[in-house]
Student: 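Take this structure, written in structure tokens, and hold onto it; I'll ask about it next.
Convention: sequence-line order gives letters A, B, ...; per-chain numbering from 1.
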Protein chains: 2
Amino acid sequence: MSSHRPTIVDVAAAAGVSKSLVSLALRDAPGVSATTRARIMAIADDLGYRSHTWARALAAGRSQVIGILLNDLHSAYHTDIVEGIERAADAAGLTTVLSHGQRDPKVLAQRLGHLQDLSVDGVIVVSALLSPDALAHAAQRGPVVVVGRTTQVADTVGAVWNNDEVGAHLAVEHLARLGHTRIAHLAGSHRPASQARRAAFHATMTALDLPAPHLVCDDTDTVIASVRAGATTAVFASNDTRAARLLGAALDAGISVPGDLGVVGYDNTELTELLRPRLTSVDQPRHEMGQRALAILTDLLGGGPARVEVVAPRLIVRDSSGPSPTP
Amino acid sequence: MSSHRPTIVDVAAAAGVSKSLVSLALRDAPGVSATTRARIMAIADDLGYRSHTWARALAAGRSQVIGILLNDLHSAYHTDIVEGIERAADAAGLTTVLSHGQRDPKVLAQRLGHLQDLSVDGVIVVSALLSPDALAHAAQRGPVVVVGRTTQVADTVGAVWNNDEVGAHLAVEHLARLGHTRIAHLAGSHRPASQARRAAFHATMTALDLPAPHLVCDDTDTVIASVRAGATTAVFASNDTRAARLLGAALDAGISVPGDLGVVGYDNTELTELLRPRLTSVDQPRHEMGQRALAILTDLLGGGPARVEVVAPRLIVRDSSGPSPTP
DNA sequence: GCAACGTTCTGGAGCGTTCCAGTTCCGTTC
DNA sequence: GAACGGAACTGGAACGCTCCAGAACGTTGC
């Protein structure tokens with residue numbers, strides 16, 4: 001009645017072979033006859049044997065486990081990326097564990113450390129909040145890939161992000177094509193992705209010859225005031241949550257969307273379908289980004305160089321963007 | 001230029017003491033003089049030593065890591081619970097790792113197995129999708145606490161959930177007090193929590209002497225049709241997402257909320273503030289639930305019995321519920 | 001009939017840590 | 001000055017596994 005978790009030694013004893021052979025058999029390694037292997041497998045199963053991941057890792061030097069660190073769990077955006085990673089990891093026979101950092105760079109860095117303490121084989125950071133320094137530092141301990149735009153870092157860190165320039169361009173062009181000329185940008189933080197979207201907003205406005213000044217601010221009230229004053233008829237928001245807040249504020253202010261105001265978000269989260277009007281948004285291919293991140297990581301594990309991949313976004317048109325009101 | 005991660009042996013060599021002493025010093029164990037301890041600490045720090053969690057776990061038989069399994073990452077509801085758990089875990093000096101099961105009982109069971117393969121000290125399951133059998137089975141391998149209502153299981157599994165009866169009662173009573181008599185229930189799945197809410201809906205309707213029949217269905221269209229027919233003026237939805245869909249459908253159908261239709265959700269997720277009108281909802285004390293789950297788990301680790309705790313929800317009134325339209 | 005070979009299997013060392021039973025050293029006490 | 005006791009420290013076994021060198025055995029070829 002030993003309540004002990006069975007080990008390969010137990011299996012070996014039951015099968016009348018050495019523990020080494022059990023190890024080989026269970027790992028599908030060559031050098032074990034088919035019949036013996038089958039017998040060992042059956043006995044292991046019978047005993048309820050499960051391999052002890054970390055004992056294995058300790059002995060083998062690899063754990064076949066990768067860590068995923070995400071910004072926070074609240075974000076609908078990050079989770080699809082995680083799914084992409086996990087699907088690819090499953091296919092590659094890797095296990096994943098998650099951790100998250102509550103949107104706080106300090107916590108993120110700490111959790112990244114914890115993850116690496118577990119001696120996972122590598123870490124994928126799904127967050128743009130970690131400084132290049134922190135990433136480079138972590139990369140000294142083990143392979144690191146970041147999903148999310150960063151200012152370019154040490155070439156030891158792999159990265160995947162979407163092309164924010166293209167995304168912003170798609171959004172603004174779409175609004176312009178609907179006849180809007182007074183387009184504002186509801187901007188995000190000062191992180192690289194937001195910066196890029198902001199810069200691309202300006203560039204596109206200029207390229208399309210739309211009349212200056214181009215209103216850019218990070219504050220809903222200012223935008224609403226501008227709409228009321230007739231100085232803005234459409235807004236490109238730097239993400240869906242901001243767009244949702246703007247939508248709420250517009251309805252509160254009696255501004256009809258898309259009648260008086262066209263709105264385009266970014267990230268194509270599930271919010272887009274829950275809000276009314278449904279939100280036009282720029283979609284990042286999140287699953288694909290996750291897959292690519294894992295591919296970069298496995299290459300890194302195989303001794304390859306860290307590379308950066310940039311994927312293309314596309315615009316999903318829904319109800320929040322319509323023709324410009326005739327002036 | 002050994003790129004090797006430093007071990008206690010390296011630290012011991014550098015400090016000119018035995019590895020045992022280093023181990024003691026780093027763990028703050030007694031039997032080390034203050035000066036030696038300080039010296040060892042300094043040297044460890046210097047070398048960038050970090051303890052190898054799983055080697056430690058292997059030797060000590062405990063890892064000080066607990067696993068958290070969640071339903072899926074998309075759910076705004078679960079994430080606060082996780083935060084509650086993690087905050088408590090931090091305070092208790094435990095590390096956490098997450099995993100999730102994509103809303104699929106099969107995947108959940110598999111991930112639960114993976115988590116236990118990592119030989120974490122215990123697992124908290126934040127999902128109501130796992131069968132009592134699966135939970136009991138997992139509990140044989142190690143301590144398990146579930147957050148979310150389950151039909152009562154083996155007394156080896158700890159549990160926390162909110163009092164759905166009280167929650168449903170609060171919602172219906174609120175609507176009744178506003179003058180609604182024709183209240184429908186937009187029901188959830190057949191899981192225990194939904195069942196309980198449904199049953200409590202009926203019980204409350206009866207207790208309040210509201211006229212039968214009490215419409216219960218899980219389909220938005222039917223509810224909308226009933227509102228159109230004048231047979232329903234208010235809806236208690238089994239969760240916020242369902243309520244959000246109903247809100248969308250109502251607006252699509254030209255039904256004004258709360259004018260023609262009062263809506264109350266459940267879970268008080270962030271959706272409640274993003275939607276218009278803002279959603280009245282029943283709040284579960286999610287942080288508290290997470291904390292309690294961890295408390296139960298640590299008691300379990302200490303050899304205590306598994307217990308079940310039920311916490312009280314409360315109603316948060318917002319804009320989606322207003323006085324009944326005069327008939 | 002014997003060497004050479006391939007296949008299957010074994011024993012022991014080692015991964016980084018903890019734990020336990022000692023050992024050493026120093027200050028007290030009688 | 002011998003005996004004791006406690007604090008500080010050490011060495012080796014153990015945790016469950018992998019890896020490697022080599023043993024055992026049957027086949028093949030000459």
Student: Ignoring hydrogens, what is the shortest heavy-atom contact between B:Ala89 and B:Leu294? Give both atom names and the distance.
Tutor: N-CD2, 3.4 Å
Student: Over all heavy atoms of both residues, which pair between A:Ser119 and A:Ser63 is shortest? Give the atoms and the distance, please.
Tutor: O-OG, 3.4 Å
Student: Compare the minimum distances between each of C:dG16, C:dC19, D:dC17 and the side chain of A:Ala55, then state the nucleotide with the smallest one.
Tutor: D:dC17
Student: If an axis is fit to five pairs at each end of the helix from C:dG1-D:dC30 to C:dC30-D:dG1, what is the angle between the two, to the nearest 10°?
Tutor: 60°
Student: What's the closest nucleotide to the B:Ser20 side chain, out of D:dG16, C:dG11, D:dG12?
Tutor: D:dG12
Student: Quick one: B:Leu21 CG to D:dT10 P, roughly how many Å, whole number?
Tutor: 6 Å
Student: Between D:dC17 atom P and A:Arg27 atom CZ, what is the distance in whole Å?
Tutor: 11 Å
Student: Given D:dT18, C:dT17, C:dT10, which nucleotide is nearest the side-chain atoms of B:Ile8?
Tutor: C:dT17
Student: Run the salt-bridge test on B:Asp10 and B:Arg5 with the 4.0 Å N-O cut-off and return the result as yes or no.
Tutor: no
Student: Within the structure, does a side-chain N or O atom of B:Ser33 lie under 4.0 Å from either OP1 or OP2 of D:dC9?
Tutor: yes
Student: With A:Val11, which of A:Leu21, A:Val22, A:Val17 fulfils side chain to side chain contact (heavy atoms under 4.5 Å, CB included)?
Tutor: A:Val22
Student: CZ of B:Arg50 versus C1' of C:dG16: gap in Å, rounded?
Tutor: 16 Å
Student: Need one value for B:Val17: base, sugar-phosphate or nothing, where a base atom within 4.0 Å counts as base even if backbone is also close, heavy atoms only.
Tutor: sugar-phosphate
Student: Of the residues in residues 113-122 of chain A, which ones touch DNA chain D at a heavy-atom distance under 4.0 Å?
Tutor: none
Student: Give the nucleotide from the list C:dT10, C:dG16, C:dT18 with an atom nearest to the side chain of A:Leu58.
Tutor: C:dG16
Student: Among the candidates D:dC17, C:dT17, C:dC19, find the nucleotide nearest to the side-chain atoms of B:Arg56.
Tutor: C:dT17
Student: Using side-chain heavy atoms (C-beta onward) and a distance below 4.5 Å, is A:Asp121 in contact with A:Gln64?
Tutor: yes
Student: Side chain of B:Ala59, heavy atoms from C-beta onward: which of D:dG11, D:dC17, C:dT18 has the nearest atom to it?
Tutor: C:dT18
Student: Please find the pair of heavy atoms, one from A:Met289 and one from A:Asn162, that lie closest to each other, and give the distance.
Tutor: CE-N, 3.7 Å
Student: Considering only C:dC19, D:dC17, C:dC9, which nucleotide approaches the side chain of A:Thr36 most closely?
Tutor: C:dC9
Student: D:dC15, OP1 or OP2 - any side-chain N/O from B:Arg62 closer than 4.0 Å?
Tutor: no
Student: Roughly, in whole Å, what's the span from CG in A:Leu26 to P in D:dT18?
Tutor: 8 Å
Student: Looking at B:His287, is its backbone amide N or carbonyl O close enough to the side chain of B:Asp80 to form a donor-acceptor pair, meaning the two atoms are under 3.5 Å apart?
Tutor: no
Student: Counting only side-chain N and O atoms of A:Arg37, is one of them less than 4.0 Å from OP1 or OP2 of C:dT8?
Tutor: no
Student: C:dC15, OP1 or OP2 - any side-chain N/O from B:Thr7 closer than 4.0 Å?
Tutor: no
Student: So which atom in B:Ala44 and which in B:Leu26 form the shortest heavy-atom distance, rounded to 0.1 Å?
Tutor: CB-CD2, 4.0 Å
Student: Looking at the side chain of A:His52, which of D:dG16, C:dG12, C:dG16 is the nearest nucleotide?
Tutor: D:dG16
Student: Could you tell me whether B:Asp104 and B:Arg111 make a salt bridge, using a distance below 4.0 angstrom between a side-chain N and a carboxylate O?
Tutor: no
Student: Among A:Asp72, A:Val107, A:Leu108, whose side chain to side chain contact (heavy atoms under 4.5 Å, CB included) with A:Leu129 holds?
Tutor: A:Leu108
Student: Once you round it to whole Å, what is the distance between C1' of C:dG14 and NZ of A:Lys19?
Tutor: 11 Å
Student: Under the 3.5 angstrom rule, does the side chain of A:Arg292 hit a backbone N or O of A:Val310 as a donor-acceptor pair?
Tutor: no
Student: Using a cut-off of strictly less than 4.0 Å, decide whether B:Ser23 has a side-chain nitrogen or oxygen near OP1 or OP2 of C:dT18.
Tutor: yes
Student: From CH2 of A:Trp54 over to C1' of C:dT17, roughly how many Å is that when rounded to an integer?
Tutor: 15 Å
Student: Starting from P on D:dG16, measure out to CG on A:Leu24 and report it in whole angstrom.
Tutor: 19 Å
